[in-house]
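Quick note: numbers below take in every heavy atom, side chains included, and nothing from hydrogens, waters or symmetry partners.
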Amino acid sequence: MTKFPHLKQDFAASLVVFLVALPLCVGVAVASGVPAELGLVTGIVGGIVTGLMRGSSLQVSGPAAGMTVLVFEAVREFGLPALGVIVLATGVLQIAMGALKLGRYFRAISVSVVEGMLAGIGLVLIAGQLYSLIGTKAPESGLEKIAGLPEALVDAFDSTGALASLAVGIGTIAVLVLWKRLPAKVRTVPGPLAAVGLATLAALVLDLPVATVEVHGLLGSIQPPSLDAFGELASVGLLGTIVAFTLIASAESLFSAAAVDRLHDGPRTEYDKELLAQGAGNTVCGVLGALPMTAVIVRSAANVQAGARTKASRVLHGVWLLLFAALLPNVLAYIPIPALAGILVHAGAKLVPVRSIVSLWREHRGEALILVVTAVSIVAVSMFEGVLIGLALAIVKTAWEASHIKMEIVDKGAGPVQAYLSGNATFLRLPKILDSLESLPQDRPVELDLSGLHHLDHACRTALESWAERHSDAGTEPVRLTMAA
């Protein structure tokens with residue numbers, strides 16, 4: 001025991017994380033349009049491969065709700081065989097970024113963009129899974145999903161099967177919402193497991209006409225990418241998808257690591273090593289044709305709260321997932337699809353930061369705008385373009401704020417008017433600068449002092465010189481310019 005002083009705590013925590021991860025792994029796989037077993041494969045790799053590596057000692061990795069929409073779109077567009085290629089390439093890129101020590105730079109990504117990205121994913125996820133709640137097929141685009149919901153829900157009331165499915169789904173969500181209010185002894189069973197377990201029991205006892213998970217067997221579901229599938233790498237669309245996978249998986253993992261660090265007093269995350277660990281896990285998942293992995297805050301928080309002390313807990317949770325997938329795969333066939341949809345609707349709602357938007361709007365309206373535009377763009381266009389739009393807005397906002405400039409006018413009533421510019425003079429603030437200068441009296445000499453400027457770009461310099469020439473042409477004394485040293 002001296003070699004493993006925390007084995008007891010880690011063993012207990014691993015069981016809790018396993019019970020939380022099991023329904024989520026299956027639910028994310030089904031919602032992504034791939035065999036349920038592939039979600040378990042990713043959970044196993046996240047536990048055993050990534051779990052053994054250095055980075056964040058208590059963070060748990062596996063298939064994440066935040067990647068569901070992107071995976072579904074990729075499988076629909078390129079086919080399931082191409083998924084392994086995409087995930088493998090994502091892993092290789094993450095390893096390269098970790099080796100080049102780029103992990104820390106993900107902390108420089110605007111929090112509003114990341115929250116907007118997750119909010120957009122959450123909205124599309126909720127809209128798509130509401131169709132699964134009533135046992136019908138969802139439209140392809142985000143806007144179509146949202147626009148078609150009222151009609152789909154109205155139609156559901158004319159079908160016994162749809163009503164039964166809806167009841168199971170709503171019941172699952174209700175258990176998840178109410179679970180935290182139950183006594184502590186009851187809550188030793190994780191909410192997601194309890195919700196799925198009760199829904200499965202209800203469907204069996206009442207013999208409800210609801211769809212259940214299709215079981216293919218663990219080995220039957222694993223499909224390593226063929227050599228032909230690698231030929232897809234010549235496609236620009238596939239390369240864009242790989243970049244989107246890499247950006248979103250890495251950002252979600254490293255932001256999760258920062259959140260997990262706030263939950264415990266143990267060793268802090270080594271971001272570059274965590275990126276290497278995520279890359280290694282995704283490389284293995286790609287070779288096996290499984291789902292991409294990220295660090296998952298729900299599992300990680302459960303791990304910390306269950307008393308985990310070392311990475312042994314997350315490795316053991318991967319072992320339990322492996323044993324379940326190998327010994328009890330047929331149990332999956334009893335799980336109702338609407339119960340898994342209910343879990344993902346609940347998970348999607350957590351991705352939409354309503355409170356953050358309200359507080360941001362009061363204090364930093366620009367950040368709130370970036371968050372909302374990113375989320376709406378993801379729903380209206382696509383994941384990749386939505387994130388790019390959010391990043392572009394964040395860069396423009398930063399550039400605008402960085403170009404802060406102050407102009408002070410001193411007019412003593414006689415003699416020259418003195419104008420002092422300080423700060424950063426860039427083309428973004430040029431209209432404001434010229435408006436102020438052109439409002440100065442044309443019949444008075446002007447002294448323009450630029451010595452307080454930290455930066456003067458070419459556009460501003462040219463515009464100021466042109467204004468000085470025009471002002472001097474009016475018949476007054478030439479404008480006296482004092483340039484920055």
Side-chain angles (χ1 to χ4, degrees), residues 64-70 106-130 133 142-143 145-147 149-150 153 170 173-181 191-192 247-248 251-263 294-302 304-305 342-383 385-402 404:
M67 294 291 288
T68 303
V69 175
L70 195 58
F106 274 88
R107 289 181 289 176
I109 295 175
S110 166
V111 175
S112 296
V113 173
V114 175
E115 289 193 337
M117 172 189 79
L118 294 175
I121 291 168
L123 291 171
V124 177
L125 184 60
I126 291 168
Q129 292 308 301
L130 286 174
L133 281 187
L143 283 178
K145 285 184 176 77
I146 293 170
L149 269 176
L153 289 170
I170 291 174
I173 296 170
V175 171
L176 288 168
V177 171
L178 298 172
W179 199 252
K180 64 182 74 170
R181 300 181 184 177
L247 175 67
I248 293 166
E252 191 169 343
S253 294
L254 297 181
F255 274 87
S256 171
V260 173
D261 279 351
R262 291 195 290 268
L263 298 177
T294 76
V296 188
I297 190 64
V298 174
R299 272 161 259 185
S300 303
V304 174
Q305 289 159 7
I343 281 183
L344 290 172
V345 167
H346 185 257
K350 287 185 174 180
L351 293 176
V352 182
V354 177
R355 290 181 182 174
S356 294
I357 295 172
V358 172
S359 61
L360 271 179
W361 185 254
R362 289 176 185 154
E363 299 169 19
H364 307 285
R365 293 198 173 182
E367 294 294 326
L369 186 64
I370 291 171
L371 192 159
V372 171
V373 169
T374 303
V376 171
S377 300
I378 287 171
V379 173
V381 189
S382 76
M383 176 76 63
E385 284 86 347
V387 171
L388 290 180
I389 289 169
L391 287 172
L393 269 179
I395 291 168
V396 169
K397 176 179 174 291
T398 302
W400 180 261
E401 290 176 346
H404 176 74

### Side chain proximity check, Ile121 to Thr68, heavy atoms < 4.5 angstrom
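A side-chain contact is absent here, since even the closest heavy-atom pair is not under 4.5 Å.
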
### Query
Is any side-chain heavy atom of Arg355 less than 4.5 Å from a side-chain heavy atom of Val358?
no

Looking at [X] and [Y], what are the two nearest heavy atoms and their distance?
X: Ile146; Y: Ala127; result: CG1-CB, 3.9 Å
X: Lys145; Y: Val124; result: CD-O, 4.0 Å
X: Val352; Y: Ala119; result: CG2-O, 3.9 Å
X: Thr294; Y: Ala64; result: OG1-CB, 3.2 Å

### Query
Which distance, rounded to the nearest 0.5 Å, do you find between the CG of Leu371 and the CE of Met117?
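Reported value, rounded in 0.5 Å steps: 11.0 Å.
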
### Message
So, taking the atom named NZ in Lys350 and the one named CG in Leu125, what distance separates them when rounded to the nearest 0.5 Å?
### Response
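It comes to 13.0 Å.
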
### Heavy-atom donor-acceptor pair, Ser253 side chain to Ala295 backbone, under 3.5 Å
yes

### Task
Under the side-chain contact (heavy atoms from CB on, under 4.5 Å) rule, collect the residues that match up with Val396, sequence neighbours excluded.
none

### Query
Under the side-chain contact (heavy atoms from CB on, under 4.5 Å) test, which residues partner Val373, sequence neighbours left out?
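If we apply the side-chain contact (heavy atoms from CB on, under 4.5 Å) test to Val373, skipping adjacent residues, the hits are Leu369, Ser377, Ile389, Leu393.
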
### Task
Check each of Ile370, Val113, Thr374 against Leu391 using the side chain to side chain contact (heavy atoms under 4.5 Å, CB included) test, and report the only one that passes.
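Testing Leu391 for a side chain to side chain contact (heavy atoms under 4.5 Å, CB included) against Ile370, Val113, Thr374 leaves exactly one candidate, Val113.
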
### Task
Test Ile173 against every option in Ile343, Val345, Leu344, Leu178 by the side chain to side chain contact (heavy atoms under 4.5 Å, CB included) rule and name the one that passes.
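Among Ile343, Val345, Leu344, Leu178, the one meeting side chain to side chain contact (heavy atoms under 4.5 Å, CB included) with Ile173 is Val345.
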
### Query
For Lys397, which residues count as a side-chain hydrogen bond (donor to acceptor under 3.5 Å, both in side chains) partner, sequence neighbours excluded?
Glu367, Glu401

